[in-house]
Amino acid sequence: GRGRKMMRSATSSTLQAAGRAFGRAVAARRGCQRAFSVTAFNRASHLDYLKNMRNIGISAHIDSGKTTLTERILFYTGRIKEIHEVRGKDGVGAKMDSMDLEREKGITIQSAATFCEWKKHPINIIDTPGHVDFTIEVERALRVLDGAVLVLCAVGGVQSQTNTVDRQMKRYSVPRIAFINKMDRGGADPWRIVGQIREKLFLNAAAIQVPIGREDGLEGMVDLITMKAIRFSGDKGETITEAEIDANMVDECKEKRAELIEKLGEVDDEIGELFLAEEEPTVQQLTDAIRRATLDLKFVPVMMGSAYKNKGVQLLLDGVVSYLPKPTEVVNTALDVANEEKEVITKTDPKEPLVALAFKLQESPFGQLTYLRIYQGTMRKGEFTFHVATGKKMKVPRLVRMHSDDMEDVDEAKAGEIVAMFGVECATGDTFTDGKTKLSMTSMHVPEAVMSLALEPAQKSSLDKFSKALSRFMREDPTFRVGFDPETKQTIVSGMGELHLQIYVERIKREYGVECVAGAPRVNYRETITRKAEFDYQHKKQSGGQGQYGRVIGYLEPTDTIMDDPAFQSDMIGNVITPSWLAAIEKGFRESCESGPLMDHRMSGARFVLTDGNSHAVDSSELAFKLAAKGAVRQAVEKAGATVLEPVMSVEIVCPDEFQGTVVSLVNKRKGMIEGSETLHGYVTINCVVPLANMFGYSTELRSATQGKGEFSMEYKTHMPVTPQVQQELIAKHAEEKAAKQKGK
């Protein structure tokens with residue numbers, strides 16, 4: 001009412017301003033954090049729209065400049081009006097780092113989605129974290145994207161997390177462009193990085209650009225396809241000039257172009273024939289061949305520039321449009337739940353039955369926000385959708401297109417698009433349809449948690465908020481797990497590393513106002529057996545009336561690898577034991593594996609083989625055989641050489657070469673094993689494997705030993721057996737803790 005009265009008494013210009021303010025207020029009440037007008041794309045032909053669309057992710061090792069690059073992309077596509085730095089002095093921070101914690105620490109914690117347009121090509125972009133602790137964010141982004149930009153530092157090159165991201169891209173068959181960033185840094189060497197891409201990532205890669213100048217003298221790039229020099233000028237690199245190649249660069253450019261043609265000729269028939277005939281391919285032939293080979297995962301075009309210095313980003317956008325796939329060029333498979341989960345290829349067609357995958361969840365003040373990739377069909381606001389796993393029918397209350405933490409309302413989302421939906425309860429990896437089909441998208445790979453700690457609220461009155469926070473974070477992040485220790489009556493949270501768990505403790509404090517008391521970090525050990533052991537166990541109990549009787553005979557043996565899940569196998573001949581009781585025996589075995597014999601940790605790499613047994617007509621029951629199986633496991637494990645497995649991490653340390661000896665001795669002190677080292681431009685990169693239990697507090701020790709100049713990154717590699725001495729120490733420590741708990745009771 002106040003708004004209407006104000007507008008009646010205002011002049012024309014004031015009336016317009018008041019109208020805008022009133023519109024913003026209404027939009028805010030509807031939960032829209034910023035009022036945007038939806039980009040006016042011509043939807044007359046959705047197929048033409050799809051031909052131009054690109055769904056891409058930007059992934060890399062930590063501190064390679066992914067978020068800075070995304071910020072420049074948003075600026076050049078007109079999505080933002082000002083550029084802000086990741087750790088900017090203006091205190092604003094990069095657009096895609098919307099969380100306060102991200103802006104404070106200067107790292108990306110959650111993947112953020114945005115939408116922009118470049119030369120009439122709509123582009124969905126997801127900026128992902130580089131830190132190994134948040135690897136699930138990269139995993140689920142690559143699960144739903146059609147193409148990716150792999151960012152590498154022109155000095156650091158291929159680093160530990162680059163390998164992880166590369167494996168994830170290969171797992172989901174994602175075509176990629178490599179972008180060598182930070183060409184303005186001292187010691188930048190793009191040709192060494194191209195060599196690393198080939199040797200360390202085993203990719204057929206070649207540069208399609210040559211830098212004009214390096215470090216402070218970086219001016220632009222030479223395009224090896226058109227053989228033109230492109231320079232960037234202006235305060236924000238917005239002015240692009242094209243000219244002939246400088247005479248002093250012609251020979252180098254010809255050499256690199258010949259290398260590009262040779263590498264392409266190895267995987268593309270048309271270019272291969274031209275190469276053998278010693279004929280020069282045309283610009284169009286070369287462009288088409290790069291696109292074909294990239295989409296077939298046979299070639300990786302390498303581009304370069306400096307996002308921070310605003311050079312080369314527009315050319316990268318041209319590369320995304322030219323070489324990465326349209327949604328219609330990507331083959332996506334689903335499982336037909338109604339037909340024994342037979343694989344079915346989805347059709348990127350808005351007229352087909354709806355199939356959409358929830359790949360990320362986020363809590364907002366207005367309810368759960370679910371990020372969706374529409375693989376087939378059309379999802380409309382106000383219409384009903386079906387949850388494939390539960391069969392539950394739900395109404396779509398609101399659809400939005402994301403721009404970091406801002407939202408644009410849309411009425412519908414068609415095949416190939418990435419949007420978000422409000423107010424629908426689901427989990428990561430769930431599939432939605434319109435009820436006409438029962439297709440389910442395959443789930444994504446979720447890595448094992450490697451670290452745990454006990455966590456409880458400082459005030460008992462905060463228990464309700466604490467539980468809500470844990471429940472929400474578990475739904476949002478599949479690598480964040482919550483359990484309960486019945487002995488200590490403590491909540492145990494598990495994750496991918498120290499930073500991962502620290503961030504969640506901090507988020508509980510900031511977002512829910514709950515101060516938490518965290519115990520010392522605990523390593524997630526496993527237990528296994530090393531040799532075959534036979535068992536013959538009889539469970540017999542008589543206490544008046546019906547008793548309990550079950551006898552199991554067989555052996556326990558190691559599986560092929562120590563990290564295999566426990567396996568059950570029945571080699572019995574005939575029905576000595578009723579088939580219904582076999583399930584009880586298997587259940588007893590699997591329950592035994594949840595708590596190993598040495599330290600009560602989960603057991604892996606063991607196979608329970610049942611060869612014979614005995615039952616009683618009256619006294620045998622499911623409970624009797626379950627207890628018999630547990631007794632058999634205890635009996636066999638004593639003779640099977642049980643051992644403790646500990647998580648081992650791949651660690652990459654970078655420091656000035658003058659500290660190499662000190663750093664190596666620190667690794668040896670922590671029982672690490674050096675796998676290799678490389679010295680370049682006064683810095684040494686040391687690759688090693690170290691038990692996770694020995695890495696606590698390493699960050700402080702490394703900084704002290706290298707005058708603050710050393711840094712390291714690590715990722716989970718595998719579990720390996722501990723030494724006999726360490727095993728004795730761990731078992732003794734576990735026995736002490738157990739005794740202390742019993743005494744406390």
Any chance you could measure [X], atom [atom1], to [Y], atom [atom2], to the nearest 0.5 Å?
X: N181; Y: L150; atom1: CG; atom2: CG; result: 11.5 Å
X: S322; Y: I208; atom1: OG; atom2: CD1; result: 8.5 Å
X: L316; Y: I180; atom1: CG; atom2: CD1; result: 12.0 Å
X: I193; Y: K200; atom1: CD1; atom2: NZ; result: 8.5 Å

Margin query: Between R192 (side chain only) and V155 (backbone N and O only), is there a donor and an acceptor less than 3.5 Å apart?
Written below: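 Yes, R192 side chain to V155 backbone: donor-acceptor pair under 3.5 Å.
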Check ion pair [X]-[Y] (N to O, under 4.0 angstrom):
X: R198; Y: E259; result: yes
X: K228; Y: E244; result: yes
X: R176; Y: D166; result: yes

Which pair of heavy atoms, one from [X] and one from [Y], lies closest together, and at what distance?
X: C253; Y: I245; value: SG-CG2, 4.1 Å
X: P122; Y: F115; value: CB-CZ, 3.8 Å
X: D146; Y: K326; value: OD2-C, 4.4 Å
X: V302; Y: A205; value: CG2-CB, 3.9 Å
X: F299; Y: V267; value: CB-CG2, 4.4 Å
X: L399; Y: D411; value: CD1-O, 4.1 Å

Notebook entry, point to check: Side chains of W118 and I73: closer than 4.5 Å at any heavy-atom pair?
Noted result: no
Check: Is NZ or CZ of R373 both nearer than 6.0 Å to the six-membered ring centre of Y371 and within 45° of the ring axis?
Finding: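 Cation-pi check for R373 and Y371: fails.
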Note to self: Going by the rule side chain to side chain contact (heavy atoms under 4.5 Å, CB included), which residues pair with K309 if we only count those two or more places apart in sequence or in a different chain?
What the structure shows: D184, S306
Check: Under the side chain to side chain contact (heavy atoms under 4.5 Å, CB included) test, which residues partner T241, sequence neighbours left out?
Finding: R231
Check: Between M183 and M221, is a side-chain contact (heavy atoms from CB on, under 4.5 Å) present by the stated rule, with each step listed?
Finding: CA-CA 11 Å; M183 285 293 296; M221 319 294 148; 5.6 Å; no
